Amino acid sequence: MTLPWTGDLAAGGQGTRRPDFRHLLGEAGWAELPAAVRARFDAAAHLAPRIYPGAMDLQLNWLGWLFAQGCRLIGTPIAPWTGRNVPASVLVRPEPDGAIVWRRTYAFPGRAPLTIASFKLAAKDGALLEVTRGGLGMRLAVSVEDAALTFSSTGYFWRLGPWLAPIPGLLTPGRAHVVHRDLGGGRFHFALRFVHPLAGETLVNAGDFQDPTP
């Protein structure tokens, strides 16, 4: 899907409102999710900061590596290194403008902690956008697949204030697919993969996380 050059955000670059995942899925889709997943994504879950500890495996092919290194110039939205069972934590917190921050911190052995942040916010039409600190963003479709919450990119853009400038798919890491699957016992599996039309699977991050201790 090609995004138009459009003012898809409110004036001043502010998000129009906090994303409503229940509304995005619809009542039938929301009901398909396990109660633990609904609790992580309902409106109450985003009123205060939450930290989810875990560990991840990170893989890059040659094109994924090139994108990751290049993106270090715009705030490092992609982890530029690979590793197995890398300790990680995810901080989820609200922003004053209505966006929700997902801040991931990786503890690669022998390196300083790496922090990657992105912001989920609602577009004027209610669709879900995810934007990195450097302005690179995706428009996301939300669905339920086999009781897992999934996000799939439908187009990339560069955020310039309230404007979204489209980016051709060949100039990106590829279509993104994110899965949040509940494992029971306060645990969940998170998987992120990008598939490029010419270079195949460019990036895969996957790991298990734990709900915050009450």
Side-chain angles (χ1 to χ4, degrees), residues 15 18-25 29-30 32-60 68 75-109 111-122 128-133 137-138 140 142-153 176-194 203-214:
R18 186 161 297 152
D20 185 338
F21 297 100
R22 182 170 184 165
H23 176 74
L24 288 166
L25 287 171
W30 185 254
E32 292 181 39
L33 293 172
V37 178
R38 295 198 301 267
R40 296 180 194 118
F41 285 87
D42 67 13
H46 303 127
L47 296 178
R50 293 187 178 187
I51 297 177
Y52 300 88
M56 297 196 76
D57 295 338
L58 301 98
Q59 304 173 47
L60 297 166
T76 315
I78 301 172
W81 308 302
T82 60
R84 293 189 61 82
N85 202 35
V86 177
S89 64
V90 180
L91 167 65
V92 181
R93 62 174 174 80
E95 286 280 277
D97 65 3
I100 303 171
V101 180
W102 265 259
R103 193 178 75 188
R104 302 170 295 284
T105 301
Y106 301 92
F108 285 91
R111 300 182 184 273
L114 172 68
T115 299
I116 295 174
S118 62
F119 306 81
K120 285 187 171 65
L121 62 157
L128 181 64
L129 306 178
E130 181 158 9
V131 187
T132 66
R133 287 181 294 195
M138 300 182 291
L140 297 172
V142 189
S143 62
V144 180
E145 298 177 10
D146 192 23
L149 180 62
T150 67
F151 303 89
S152 298
S153 65
H177 188 66
V178 181
V179 177
H180 179 110
R181 185 178 303 279
D182 191 59
L183 299 175
R187 298 171 61 248
F188 62 91
H189 181 74
F190 169 86
L192 165 66
R193 63 192 294 263
F194 290 81
L203 178 153
V204 179
N205 292 176
D208 295 345
F209 289 84
Q210 182 75 40
D211 286 334
T213 302

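No experiment lies behind these values; they were computed from the predicted model shown. The figures here come from the full heavy-atom set of this structure, side chains too, leaving out hydrogens, waters and symmetry mates.
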Could you measure the distance from the CG atom of Asp42 to the CZ atom of Phe21? Nearest 0.5 Å is fine. 10.5 Å
Begin from the C-alpha positions of Leu183 and Asp208 and carry the test side chain to side chain contact (heavy atoms under 4.5 Å, CB included) through to its verdict. CA-CA 9 Å; Leu183 299 175; Asp208 295 345; 3.8 Å; yes
Before you tell me yes or no, could you show the steps for Val86 and Asp57 under side chain to side chain contact (heavy atoms under 4.5 Å, CB included), namely the whole-Å CA-CA distance, both residues' side-chain angles and the distance that decides it to 0.1 Å? CA-CA 6 Å; Val86 177; Asp57 295 338; over 6 Å; no
Side chains of Thr150 and Ser143: any donor to acceptor distance under 3.5 Å? yes
Dump the intermediate steps for side chain to side chain contact (heavy atoms under 4.5 Å, CB included) on Arg18 and Leu47, then the final yes or no. CA-CA 10 Å; Arg18 186 161 297 152; Leu47 296 178; 4.1 Å; yes
To the nearest 0.5 angstrom, please state how far the OH atom of Tyr106 sits from the CG atom of Asn205. 5.0 Å
Measure across Gly75 and Arg133 and return the closest heavy-atom pair with its distance rounded to 0.1 Å. O-NH2, 3.2 Å
Looking only at heavy atoms, which two atoms of Val144 and Gly29 are closest? And how far apart? CG2-O, 3.4 Å
Do Val90 and Thr105 touch side chain to side chain, with heavy atoms closer than 4.5 Å? no
Closest heavy-atom pair, Asp97 versus Ala99, reported as atoms and distance to 0.1 Å, is OD1-N, 2.9 Å
Rounded to the nearest 0.5 Å, what separation is found between the CD atom of Gln210 and the OG atom of Ser89? 13.5 Å
Checking side chain to side chain contact (heavy atoms under 4.5 Å, CB included) between Arg104 and each of Ile116, Val92, Leu91, which is the one that passes? Ile116
The test is side chain to side chain contact (heavy atoms under 4.5 Å, CB included); show your working for Glu145 and His177 and say whether it passes. CA-CA 12 Å; Glu145 298 177 10; His177 188 66; 3.7 Å; yes
Angle between ring planes, Phe188 versus His180, binned at 30° and 60°: parallel, tilted or perpendicular? parallel
Can you name the nearest heavy-atom pair linking Ala147 to Leu33, along with the distance? O-CD2, 4.0 Å
Less than 4.5 Å apart, side chain to side chain, heavy atoms only: is that true for Leu114 and Thr76? yes
Quick one: closest heavy-atom pair of Pro49 and Pro94, and the distance? N-CD, 4.3 Å
Is Arg187 salt-bridged to Asp182, cutoff N-O under 4.0 Å? no
Identify whether the distance between the nearest side-chain nitrogen and carboxylate oxygen of Asp211 and Arg50 falls below 4.0 Å. no
Between Ser153 (side chain only) and Ala176 (backbone N and O only), is there a donor and an acceptor less than 3.5 Å apart? yes
Ala68 and Ala79: which non-hydrogen atoms are nearest, and at how many Å? CB-O, 3.8 Å
If only atom types and distance count, is the side chain of Arg84 paired as donor or acceptor with the main-chain N or O of Leu58 below 3.5 Å? no
Would you compute the distance between atom CG of Leu140 and atom CG of Leu24 and round it to the nearest 0.5 angstrom? 9.5 Å
His189-Phe209 aromatic ring centre distance below 6.0 Å: no
Cut-off 3.5 Å, side chains only: do Arg93 and His46 have a donor facing an acceptor? no
Between Thr82 and Gln59, is any side-chain donor less than 3.5 angstrom from a side-chain acceptor? no
Could you measure the distance from the CD1 atom of Ile100 to the CG atom of Leu121? Nearest 0.5 Å is fine. 9.0 Å
Under 6.0 Å between the ring centres of Tyr52 and Phe190? no
Can a cation-pi geometry be assigned to Lys120 and Phe151, taking NZ or CZ under 6.0 Å from the six-membered ring centre and within 45° of the ring axis? yes
